[in-house]
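Computed from a prediction, not measured in an experiment: that's the story for all the values here.
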Amino acid sequence: MFRTALTFVALLIGTLVFGSTVLIAQLFGVQEGPGSIYEKCPRWWAWWLLRAAGVKVVLHGNDGLVAGAPRVYIANHVSWFDIPSMIEVLPHYGFVAKRELEKIPIFGAAARGVGVIYIDRENRKAAFGAYEDAAKKIQQGNPVLVYPEGTRGSSYALRPFKKGPFVLAIASQAPVVPVVIHGTIEVNPRDEFRASPGTVHVHLLEPIATTGLTYNDRNVLADRVRERMAVCLREVYGVEPALVSGERERRAEPLPAPTSS
């Protein structure tokens with residue numbers, strides 16, 4: 001109970017202090033770039049929160065860890081603590097996140113300031129427009145992290161992937177880096193208001209090239225990434241089944257093909 005209370009207080013203070021710092025920097029026109037306040041504040045925020053919760057993050061593999069290189073990181077999503085854990089180990093990058101997070105006071109605006117791209121999951125046309133904006137940023141050397149399951153799961157088994165992130169990767173022609181996060185459920189399970197000390201493991205798997213792929217290859221790419229992540233979950237953590245169907249899985253209409261530029 002004490003650890004949960006401490007983490008909650010740290011979250012409030014950290015978001016207020018570091019979020020306000022980003023907003024003030026924007027107000028005064030502070031420039032973005034390596035080592036800027038926009039890169040440092042998310043790391044300070046994550047460090048502050050993880051230490052308050054008693055969480056240690058261990059990185060496994062760094063083949064896809066190249067600062068300033070176009071990358072699309074694809075990770076599983078099982079806990080709110082996936083976010084600070086990834087910030088702890090990755091170079092500066094942008095998130096693709098659900099628009100609901102933008103409504104959180106200070107956090108929402110500050111997150112946009114450090115590179116978060118919000119998507120409206122209920123509006124397919126608007127969501128695809130956000131992915132096109134993200135593709136342009138990736139081509140300029142700004143990596144992006146996406147959780148293709150869409151929402152947090154209650155177990156480590158991988159649920160079906162949405163295809164938008166793979167359309168994004170193909171449009172940018174950037175390598176996809178599959179990422180497996182394990183340990184965050186024990187720290188903070190979905191739908192439970194508690195935080196427990198623990199160790200979070202982040203596995204950066206071998207990057208998958210997208211050079212030459214087209215929009216029609218999105219499903220094959222998604223399946224390849226999902227299977228590679230499932231192999232890691234099975235072999236390293238004994239997760240079985242490592243692949244599951246969604247509770248209300250249904251066949252969605254395909255996203256529109258990217259426009260040529």
Side-chain angles (χ1 to χ4, degrees), residues 3-4 7 10-11 42-43 45-66 71-91 93 95-98 101 143-162 165-166 169 175-208 221-247:
R3 183 66 70 172
T4 298
T7 303
L11 175 61
R43 288 193 175 278
W45 175 83
W47 183 93
W48 173 263
L49 184 60
L50 292 168
R51 297 318 178 271
V55 174
K56 177 183 178 182
V57 182
V58 178
L59 176 64
H60 303 268
N62 59 5
D63 290 344
L65 202 60
V66 182
R71 291 287 187 276
V72 177
Y73 294 98
I74 298 290
N76 59 318
H77 196 20
V78 293
S79 169
W80 190 85
F81 265 81
D82 296 338
I83 296 172
S85 297
M86 292 299 292
I87 293 174
E88 174 94 344
V89 299
L90 290 185
Y93 62 92
F95 277 103
V96 174
K98 58 185 180 182
L101 294 178
V144 168
L145 169 67
V146 191
Y147 298 111
E149 293 168 293
T151 58
R152 289 169 293 164
S154 56
S155 76
Y156 290 108
L158 297 173
R159 290 158 288 134
F161 284 180
K162 298 181 184 301
F166 303 96
V176 172
V177 181
V179 181
V180 169
I181 305 172
H182 193 277
T184 49
I185 289 179
E186 289 74 14
V187 172
N188 173 238
R190 176 180 176 175
D191 300 328
E192 289 190 30
F193 184 73
R194 69 173 174 86
S196 303
T199 300
V200 173
H201 296 271
V202 176
H203 297 259
L204 299 186
L205 307 181
E206 183 180 354
I208 298 174
L221 178 61
D223 290 344
R224 184 179 178 190
V225 171
R226 189 168 178 247
E227 181 55 40
R228 183 167 293 182
M229 293 167 65
V231 168
C232 177
L233 286 167
R234 288 191 198 103
E235 295 184 351
V236 179
Y237 298 105
V239 176
E240 194 64 54
L243 298 173
V244 296
S245 298
E247 294 177 357

Original post:
How far apart are the closest heavy atoms of Pro197 and Arg3, and which atoms are they?
Top reply: CG-NE, 3.7 Å
Original post:
Looking at Ile87 and Arg43, what are the two nearest heavy atoms and their distance?
Top reply: O-NH1, 3.1 Å
**OP:** Determine, step by step, whether Val187 and Ser79 satisfy the side-chain contact (heavy atoms from CB on, under 4.5 Å) criterion, reporting the C-alpha distance in whole Å, the side-chain angles of both residues, the deciding distance to 0.1 Å, and the verdict.
**Re:** CA-CA 8 Å; Val187 172; Ser79 169; 5.6 Å; no
**OP:** Tell me, with the steps shown, if Val144 and Tyr73 meet side-chain contact (heavy atoms from CB on, under 4.5 Å).
**Re:** CA-CA 6 Å; Val144 168; Tyr73 294 98; over 6 Å; no
Subject >> Qualifying residues under side-chain contact (heavy atoms from CB on, under 4.5 Å), relative to Arg194, sequence neighbours excluded >> reply: Thr4, Pro189, Glu192, Ser196
Subject >> Reported SG-to-CG distance for the pair Cys232 and Leu158, which is rounded to 0.5 angstrom >> reply: 9.5 Å
Original post:
Minimum heavy-atom separation for Ile181 to Ala75, with atom names?
Top reply: CD1-CB, 4.1 Å
Original post:
Under the side-chain contact (heavy atoms from CB on, under 4.5 Å) criterion, do Val180 and His201 qualify, and how do the steps go?
Top reply: CA-CA 8 Å; Val180 169; His201 296 271; over 6 Å; no
Original post:
Are side-chain heavy atoms of Tyr147 and Arg152 found at a separation under 4.5 Å?
Top reply: no
Subject >> Value rounded to 0.5 Å, distance of NE2 in His182 from OG in Ser85 >> reply: 13.0 Å
Subject >> Sequence-distant partners of Arg224, salt bridge (Lys or Arg N to Asp or Glu O under 4.0 Å), two or more places apart >> reply: none
Original post:
Quick check: does any side chain N or O of Thr7 sit under 3.5 Å from a backbone N or O of Ala195, one acting as donor and the other as acceptor?
Top reply: no
Subject >> Residue pair Ile208, Arg228: steps toward the side-chain contact (heavy atoms from CB on, under 4.5 Å) verdict >> reply: CA-CA 10 Å; Ile208 298 174; Arg228 183 167 293 182; 3.2 Å; yes
Original post:
What are the two closest heavy atoms between Pro207 and Pro178, and how far apart are they?
Top reply: CA-CD, 4.5 Å
Original post:
Is there side-chain contact between Trp80 and Leu11, with heavy atoms separated by less than 4.5 Å?
Top reply: yes
Original post:
Heavy atoms, side chains only, cut-off 4.5 Å: are Val72 and Pro165 in contact?
Top reply: no
Original post:
Any side-chain heavy atom of Val179 within less than 4.5 Å of one from Leu205?
Top reply: no
**OP:** Can you see which heavy atom on Ala242 is nearest to which on Arg234, and at what distance?
**Re:** CB-CG, 3.6 Å
**OP:** Taking the side chain as every heavy atom from C-beta outward, state whether Asp82 and Asn76 have any atom pair closer than 4.5 Å.
**Re:** no
Original post:
Taking NZ, NE, NH1 and NH2 as the nitrogens, is one of them in Arg226 or Glu149 under 4.0 Å from a carboxylate oxygen of the other?
Top reply: no
Original post:
Hey, what's the ring geometry for His203 with His60, parallel, tilted or perpendicular (30° and 60° as the breaks)?
Top reply: parallel
**OP:** Locate the shortest heavy-atom distance separating Leu50 from Pro84; write the atom from each residue and the value.
**Re:** CD1-O, 3.7 Å
Original post:
Does Tyr156 reach the side chain of Ile185, with side-chain heavy atoms less than 4.5 Å apart?
Top reply: yes
Subject >> Short N-O contact, Glu88 and Arg51, less than 4.0 angstrom >> reply: yes
Original post:
Does some side-chain heavy atom of Leu221 sit less than 4.5 Å from a side-chain heavy atom of Phe161?
Top reply: no
Original post:
Are the side chains of Thr199 and Val55 in touch, meaning some heavy atoms are under 4.5 Å apart?
Top reply: no
